[in-house]
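Because the structure is a prediction, the values reported are computed rather than measured.
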Amino acid sequence: KSAAKSAGKPAPFGGADLGPAPRLAPVSEEEYCAAPQYLKFQVTLERLNQALGVLDKAARSTPTPGAMPEAAACQVIGPAAKTILLCLHKLNRLRMDRASQSVVFDS
């Protein structure tokens with residue numbers, strides 16, 4: 001056991017004792033309809049949810065569950081990755097951590 005776990009304290013961010021990340025929930029139709037119009041012109045609900053599924057699977061295999069490098073997120077999403085990440089950010093599904101150049105998922 002780690003010292004943090006045995007002392008009853010949670011492991012620090014990035015620690016090995018974090019356990020599995022929560023599953024990323026799909027964007028609901030209601031949530032999508034409430035999004036700004038300019039976002040809906042750029043990406044469909046189906047494409048957002050497809051990207052969330054791919055990101056969820058990829059993020060579970062990273063050393064830090066629930067986060068991954070931005071470049072890796074763009075690579076697994078494919079075309080229009082930056083637009084999709086922006087939409088997910090505007091829908092409060094993820095945060096962009098510029099210090100570590102990572103995407104952090106808000107479940």
message = On a heavy-atom basis, which atom in Leu85 and which in Glu70 lie closest, and how many Å separate them?
response = CD1-CG, 4.5 Å
key: Residue pair Met96 / Leu88, side-chain heavy-atom distance below 4.5 Å   = no
Polar side-chain atom of His89 near backbone of Arg95 as donor-acceptor pair, under 3.5 Å = no
task = Determine whether more than 12 heavy atoms belonging to other residues, nucleotides or ligands lie under 6.0 Å from atom CD of Gln42.
result = yes
message = For a quick test of reading the model, state the closest non-hydrogen atom pair linking Phe105 to Ala67 and the distance between them.
response = CD1-N, 3.9 Å
key: Smallest separation among heavy atoms of Leu52 and Pro26, with atom names   = CD1-CA, 4.1 Å
query = Between Lys57 and Val76, is any pair of side-chain heavy atoms under 4.5 Å apart?
reply = no
query = Are Leu39 and Leu48 connected, step by step, through hydrophobic side chains (Ile, Leu, Val, Met, Phe, Trp, Tyr) whose heavy atoms are closer than 4.5 Å?
reply = no
Single-linkage hydrophobic cluster, 4.5 Å side-chain cutoff, Tyr32 and Leu86 together = no
query = Rounded to the nearest 0.5 Å, how far does CD of Gln75 lie from CD1 of Ile77?
reply = 11.0 Å
key: Heavy-atom closest pair, residues Lys40 and Ala35   = CE-O, 3.4 Å
request  = Name all pairs fulfilling the salt bridge (Lys or Arg N to Asp or Glu O under 4.0 Å) condition that reach into residues 26-38, sequence neighbours left out, sorted by first residue then second.
outcome  = Glu31-Arg93
request  = Over all heavy atoms of both residues, which pair between Ser28 and Leu45 is shortest? Give the atoms and the distance, please.
outcome  = O-CD1, 4.0 Å
key: Any side-chain heavy-atom pair of Ile84 and Leu55 under 4.5 Å   = no
inquiry  = Within this structure, what is the CE-SG distance for the pair Met68 and Cys74, rounded to the nearest 0.5 Å?
reply    = 9.5 Å
Residues which pass salt bridge (charged side-chain N to carboxylate O under 4.0 Å, His left out) with Lys90, listed by chain and number, not counting sequence neighbours = none
Flag if over 12 foreign heavy atoms under 6.0 Å of OH, Tyr38 = yes
task = Taking atom CD of Gln37 as the centre, report whether more than 12 heavy atoms of other residues, nucleotides or ligands fall under 6.0 Å from it.
result = yes
